[in-house]
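For reference, the structure discussed in these notes is given below.
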Amino acid sequence: MNESATRSETAPIEVNGVTYRWPERPVVVVCNDGGDPEYLEGALAAGIVPNTARFMKAGFAATAQCVIPSFTCPNNVSIVTGSPPSVHGISGNFYLEPESGRAVVMTGPELMRAPTVLAAFSQAGAKVVSITAKDKLRQQLGKDMDIAGGAINFSSEKADRCSKAENGIDHVLDLVGRPLPDMYSPDLSLFVLAAGVKLLETQRPLLMYLSLTDFVQHTYVPGSPEANRYYQDMDALFGRLDRLGAVVGIVSDHGMRDKSHPDGSLKAVWLQDELDHAFGAGTTTVICPITDYFVAHHGALGSFVRVYCRGPEPAAVMRLARALPGIEAVYDKAAAARAFELPLDREGDVVVISDANTCIGTTPAAHDLKALAGQRLRTHGGLAESQVPFILNRPLNPAYAARAARGGLRNFHIFDFAINGTG
Ligand SMILES: [Zn+2]
């Protein structure tokens, strides 16, 4: 290896305005999808997460703000790019394309406007791994990673179909020693962590991102036996990552709230119905950007929607929305983009956010409510789900401790803190 190659493989790397030093030891960032602080509090109170408890005491723990809308795609892309949606362009799972008026899934890597920390290190010669539970996130998280050069990128959902050419790895089920997990089970996430442990043991990547899924949090309340069992199982795997010598950062994409009446029935605002009634059918389009094919556990109901106006003025839509019980905040396009650092060209004319106990849908027939099957709806998207735990297994150095003390911590600072803030 010549001198210039050596230097380039350890030089600091700038990504989206943040300079990352070359880590001395492996760095693993875990996104515990839907990991509302209440789940951690329940598990800590039960005394079943000893590794996490130790990290919080000996390392660093705080509460951070996620990106609004508090949905999975915008926050995962924020975490891997270290930037808000105004920089990377992914502001929901779905948006309405202005030119065509079509609803477009935002999981395409071509919609991303910023490079990821993972890709930058991969291209500089570091061994980089990204594993996600849901395959829908895989391409964005793995965008521009150098698979031919040794990077690994796959989902537990399709772990049985990995190839060297596409994913940088094959025979994943054999490596992990677990069967292909069910889509709607805690195992879909635990498989991701177990695969991360195996790869850290066998290949020792420099950077690893492990993104879980929120099936458990959508389904079970904090402190319940099922939720605590999941936290206990995750904690055991966090402990193994720690013992293998990695810097471990744990963060969440968003929180989770119960959106039901006291009797357990759904507490929803049917906004398209309300707007059609007031302004006429076909004059507005409500887009629920939580929508994806993976909806059985939330019926595509969240707490943040975008309204596109073809007839009524946005101000009239805003007046109507503000008057509806259960609505917490209403913004016009420019104000929403400014308040939440969202890309203006992908914003609706009006943004409507419901309160902690209420969700927003279009019209009942458009949502698969049978899938809820008598369960209380737990979901996210709004301001009430914007607080997430931010944990490192090692203490911060003085510069980052001072920065954390100043406040304003975001979940997408986790790679910065894990790489630059420890040691
Ligand atoms: Zn999520």
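We count residues from 1, following the sequence as given. When a ligand or atom number is given, it counts from 1 through the structure's own listing order. A quick note: this is a predicted structure, and the numbers were derived from the prediction, not measured.
The line from CD1 of Ile131 to OH of Tyr209 is 12.0 Å long, rounded to the nearest 0.5 Å. The CE atom of Met256 sits 8.5 Å away from the CD atom of Glu385 when rounded to the nearest 0.5 Å.
Taking the N/O/S atoms of Asp253 in turn, the shortest distance to the Zn ion (ligand 1) belongs to OD2. Restricting Asp33 to its N/O/S atoms, the shortest distance to the Zn ion (ligand 1) is reached by OD1.
Residue contacts to the Zn ion (ligand 1): His380 brings no N, O or S atom closer than 2.8 Å.
Under 4.0 Å is where a charged nitrogen must lie from a carboxylate oxygen, and between Arg138 and Glu166 at least one such pair does.
Rounded to 10°, the angle formed at the Zn ion (ligand 1) by Thr72 OG1 and His254 NE2 is 110°.
The closest side-chain donor-acceptor pair between Thr358 and Asp355 falls under 3.5 angstrom.
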